[in-house]
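Bear in mind the structure is a predicted one, so any value in this text is a computation, not a measurement. Chain letters run A, B, ... following the sequence lines, proteins first, then strands; residues in each count from 1.
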Amino acid sequence: MPTYNPKAIEPRWQRYWLEHKTFSTPDFSDKPKRYVLDMFPYPSGSGLHVGHPEGYTATDILCRFHRMRGQHVLHPMGWDAFGLPAEQYAIQTGTHPAETTQNNIANFRRQIQMLGFSYDWDREVDTTDPGYYKWTQWIFLQIFDTWYDADQKKGRPIAELPIPPEVRTAGEDAVRRYQDSKRLAYQAEMAVNWCPALGTVLANEEVQDGKSERGGHPVERRPLRQWLLRITAYAERLLADLALVDWPEPIKKMQRDWIGRSEGAEVDFKLANPPASESETIRVFTTRPDTLFGATYMVLAPEHPLVAKITTTAQRDAVTKYQADAARKSDMERTELAKKKTGVFTGAFAINPVNNQKIPIWIADYVLSTYGTGAIMAVPAHDERDFAFARQFHLAIRTVVMPPTKWLEETSVFAACKNLDKEPGGSLEGVAPPAAGSSFEQPQTMSERTIRLLGKASRVWEKFHHDPLRVTEFLYRESADQFDEVYTDDGIAFNSGSFDGLPTPEFKQKIAAWLEERGVGARKINYKLRDWLFSRQRYWGEPFPILHELDDKGQPTGLVRALTADELPLTLPDMQDYRPSGRPEPPLGKARDWIHVTRDGKRYLRETNTMPQWAGSCWYYLRYLDPHNNEMLCDPAKAKHWLPVDLYVGGAEHAVLHLLYSRFWHKVLFDRGHVHTPEPFYKLINQGMILGETRYYPSNDDVEDAMRGGGSKELRTAYTVAKAANTELFVAEDDVAPRDGKYFWKRDPSVQLTARADKMSKARGNVINPDFVVNGDEKTNGYGADSLRLFEMFMGPLEAVKPWSMAGVEGVYRFLSRVWRMIVDDRAETMQLAAAVKDAEPDRETLRLLHRTIQKVTEDLEAQPIPRFNTAIAAMMEFTNHLTRQEVRPRSVLSPFVLLLSPFAPHIAEELWHALGHKDTLAYEPWPTFDPALTKAEEMEVPVQVNGKLRTRLMVPPDIDSASLEKLALADEKVKASLEGKQVRKVIIPPKGNKLVNIVVG
RNA sequence: GGCCGCGUGGUGGAAUGGUAUACACAAGGGACUUAAAAUCCCUCGCCCCGUACGGGGCUUGCGGGUUCGAAUCCCGCCGCGGCUACCA
């Protein structure tokens, strides 16, 4: 009767844990603390998918392990529930997002609890709960109340901002405007993605290739008033403090690249003919001030404010048209699709400060208005982009950096020069197409320019003693514009006046000083990172706790007023019509009663933008520490106890945005004294993606053949069937015949197949639902939560991308069944132990295996940087394989084994723990320990190699000394045979543990 | 284009300088059974010699190198995946 039946066991223990609050965590304890955090999910309508429990299982195993090792473990879960998908789903179904969100949360909670995770459910948070977003708004107000003191490198209260005297004398409004301009949360006009067809503003991630992701409608860029957060003020600290955290190096690198720090200089170029009363200089940013002598033109971004002022009458029409075109293009069109550089001459000229040369000023959209100063000096000889532009518009190219020999030798010019001596006379004839069978070696492609250069080369050929390198060097100095390659790295300066001969790094130092002395430039650091666009023109998000002041006529004055803490939370108005307005203005504008406010006799309009989805997830790890506190976001004593997060596990898709935004908020809270650690997440692990089951696909050519009615008849039939069922055509594994390392279709062996595992997606029909794995459906039985958990961990290393396999789940299910039968009599009517379970002393081998298993599982769970769950499970399988073969299975080895299994498969472990006669839950039982002496076998196997090739294996006592081992090895018959007639030169026995013998013979 | 990662049996993977293929899946054979499922036992990288017992050789994408010894370290190439993309 009691066969292994997860359906009976699992819900019972889940109920037990909830009712007994087994995993409820006290706020404080004397035990060492450990805060283990999962990236909380967005509760979508489609429910959990098997990717979610991968990370959750890993953290759950570690939490259960650490609890048993006597640690004070915090392991909470919650919901990131504001955001676009809920709103769109609501619009489609006509159900209010608040309602669908709650339904989705209930479903997610049910599914997560069904998997037996040891979360402290008393600490559950929901970002859409006013009790939660009250504090999201409160943190926004802190950010709003903060300015960044660049000297102290710290965010400080706005009240401490020094006000310049001339501002103070201009009155209170001027002071307020000055303060507003310095806050970490500020307003600005920014281009947004406006989609007229959908009547809504789209986030950048909803725009693909200049079209809306949903529907493929065109998207325009329109300026709109936006809230921004001054994350750029923290760029340096966000970069530097990566040194404080233990994260995977690739994630750190992605953050570094995203921040994109570059050191360089700003340089001022005077206008050659400045229009009266206008600024006389154009400021550029460059990382290569050492190439100033090679600057042959300048480029302004089309949006640069000076463009209109400097453009000459003759060029005005062309420039205006170009600006209009550029404005219409999306970022994507400007970059990726633009294979050819575009631009227009303004008619104006600037003066290069280092040599007073007059150079033309162009506008081009390859220069971004949002980076640096929005203007560049172009050095076409040493920059790929400038080079392409100069070629396009026939602008001067002037070399000023001599590349190393190695580079010169790889140029096509050098390749051509080398041949000058091979043809008599070293003439241009050498570059004509070679005659058939000619031994003349010619580069495959030789541009007309190179051919022209060869004329010049042949004239100096004698002068440089037929040395192709010196000739190439000469040509590079004199006629760089004729080269096809661009050298952009460091080298030795030339054509640079008194700086000639300097290596690039030294030149950079000297020229910076030179520019500073003359007041025409200065060292400067720039970042790719832009300020964070923090507002969305949507309904389903946190409202901003901000009021816009109106004047007597009801017009906005441009001044804002923050709500006070006691006015929070500012709840979303309960609107029936939350659809986008059809104009760029946010839907909250339609809540007429809500937006009008009077305070102290003044009239105000509420801010109608809402916060982006990132806001709630930026600080949830703090709220878990004190989830019901209505007085503060988190009691500092609790924050002090728990922070920082000791382990944070989630997908790599959050490598940049979520993690960077959280770190930024945390640093502001740190500066303002609300948290005591500079970083929120001490250690981070990314779990790898889980793909759909491996499938076998016929080649596209074969399928196309079949579609046209040709090719394989079988394939044609299969194609018709797949098309009718509206699925992709693939072949099940049963139908695949492997041959010569390739796969063929059993039903038609002429059809070759390729194996492929794809991302799970509805469209491919390969999504695996945890409900199905655990509970099955009408046709199948389901394997239970323990099997799902175990398989997710057994598939491979946590961080690896790996394909799902239902057969693999079946495999671990069989393992758990075997564990069950190892302990429980599955043929008895009532729950009783198997007959082989006895209070006997274990034999030596069984005891050894138990201790080896304890050692292996413990060490695998402790492994750095990432625990090895898969090999820990394999060790437990080996233990089980051994013990199920034994006639006598001592209780004294079964109990510790059940404890080892419990973090991985907690339900079956609890049940077996009870069967073995223990009371209550095993969740806080001490973790088993191993005796190193007992892990060793009586004899060990030592491989013997001759010249690195395995010849035999010896059985020896584990404590044998090297000399005896060597003697034994040399005495072995097989070894003697392979040493026949050869001289033993050396015998190698590695010092650590006598693991092998290698006899070197000559 | 740039940067990063990966490449081991039919499949997922193990071994991170010391016995390559642990553990599992799939496949095949056998036992039990009226039968099936379940369970248990056996075989299972490739090639060669041998009737058999057994023996020998090769093998970690390809080519080279370092080392007594390389899946592991180094160089070059090929393939796959991810991120990123005019940031001056």
Side-chain angles (χ1 to χ4, degrees), chain A residues 3 248-251 253-254 257-258 260-262 264 284-288 291 299 331-332 334-336 338 341 364-368 370-379 382-386 388-389 488 526-530 652-653 655-656 688-689 693-694 733-734 736-739 741 743 755-757 791 794-797 799-812 814-815 817-818 821 826 868 870-878 881 884-885 941-953 985-990 992-993 995-1001:
Chain A
T3 53
E249 204 45 51
I251 301 290
K253 190 178 181 313
M254 282 163 77
D257 290 349
W258 191 263
R261 180 184 199 271
S262 3
V284 302
F285 173 69
T286 176
T287 54
R288 293 296 299 270
T291 60
V299 187
D331 279 353
M332 197 59 102
R334 274 189 174 203
T335 59
E336 186 158 8
K341 292 261 183 293
D365 63 8
Y366 84 93
V367 172
L368 308 174
T370 46
Y371 181 76
T373 60
I376 62 155
M377 65 173 204
V379 185
H382 300 292
D383 182 282
E384 297 272 1
R385 300 151 299 185
D386 297 343
F389 191 81
T488 58
N526 259 320
Y527 301 92
K528 276 205 273 191
L529 184 69
R530 310 292 152 86
E653 66 273 20
V656 178
M689 196 182 3
E693 296 235 10
T694 302
E733 195 169 0
D734 297 354
V736 177
R739 189 182 349 126
Y743 308 100
R756 184 158 44 94
F791 178 65
F794 187 59
M795 295 167 84
E799 72 281 16
V801 176
K802 41 212 178 277
W804 188 260
S805 158
M806 234 25 187
V809 182
E810 170 97 33
V812 294
R814 283 206 288 259
F815 162 64
S817 305
R818 215 152 55 238
R821 288 193 305 271
D826 65 326
R868 293 184 291 257
N870 53 335
T871 49
I873 294 167
M876 291 190 282
M877 286 173 166
E878 287 184 71
N881 289 344
T884 46
R885 287 187 195 108
E941 193 184 72
V942 174
V944 181
Q945 301 176 331
V946 176
N947 283 347
K949 284 200 175 184
L950 183 70
R951 287 301 156 196
T952 189
R953 300 178 171 97
R985 299 213 184 275
K986 206 175 357 173
V987 177
I988 289 166
I989 297 175
K992 36 177 185 178
K995 272 197 231 159
L996 107 171
V997 181
N998 189 12
I999 301 163
V1000 185
V1001 298

* Ignoring backbone atoms, establish whether R868(A) has a side-chain N or O less than 4.0 Å from OP1 or OP2 of A14(B). => no
* Is the shortest heavy-atom distance from the side chain of V1000(A) to the side chain of N947(A) under 4.5 Å? -> yes
* What pairs with W804(A) under ring pair (Phe, Tyr, Trp, His ring centres under 6.0 Å), at least two apart in sequence or on another chain? -> F791(A)
* Can you check each nucleotide of nucleotides 65-70 of chain B against protein heavy atoms at under 4.0 Å and return B for base, S for sugar-phosphate only, - for none, in 5' to 3' order? => ---BS-
* Taking the side chain as every heavy atom from C-beta outward, state whether R530(A) and T370(A) have any pair of such atoms under 4.5 Å apart. => yes
* Give T370(A) one of three labels, base, sugar-phosphate or nothing, depending on what nucleic acid heavy atoms sit under 4.0 Å from its own. => nothing
Name the pairs: protein N/O against N/O of nucleotides 40-48 of chain B, kept only if under 3.5 Å.
{"unit_1": "C41(B)", "atom_1": "OP1", "unit_2": "R885(A)", "atom_2": "NE", "d": "3.2"}

* To do: Consider the side chain of L996(A), meaning its heavy atoms from C-beta on, and name the nucleotide among G13(B), U19(B), G57(B) that approaches it most closely.
  => U19(B)
* Candidates C23(B), A88(B), A85(B) - which lies nearest the side chain of I376(A) -> A88(B)
* To do: Not counting sequence neighbours, which residues clear side chain to side chain donor-acceptor pair (under 3.5 Å) with T884(A)? List them please.
  => none
* Contact under 4.0 Å: K949(A) side-chain N or O vs C58(B) OP1/OP2 -> yes
* Residue list, salt bridge (charged side-chain N to carboxylate O under 4.0 Å, His left out) with K528(A), at least two apart or on another chain -> none
* Please state the C1' separation for the pair C73(B) and G17(B) - nearest whole angstrom. => 8 Å
* Using only side-chain N and O atoms of Y371(A), determine if any of them is under 4.0 Å from OP1 or OP2 of A88(B). => yes
* Distance-only donor-acceptor test, K253(A) side-chain atoms vs C3(B) base atoms, 3.5 Å -> no
* Structure fact -> Taken in chain and number order and not counting sequence neighbours, the residues that satisfy salt bridge (charged side-chain N to carboxylate O under 4.0 Å, His left out) with R868(A) are D860(A)
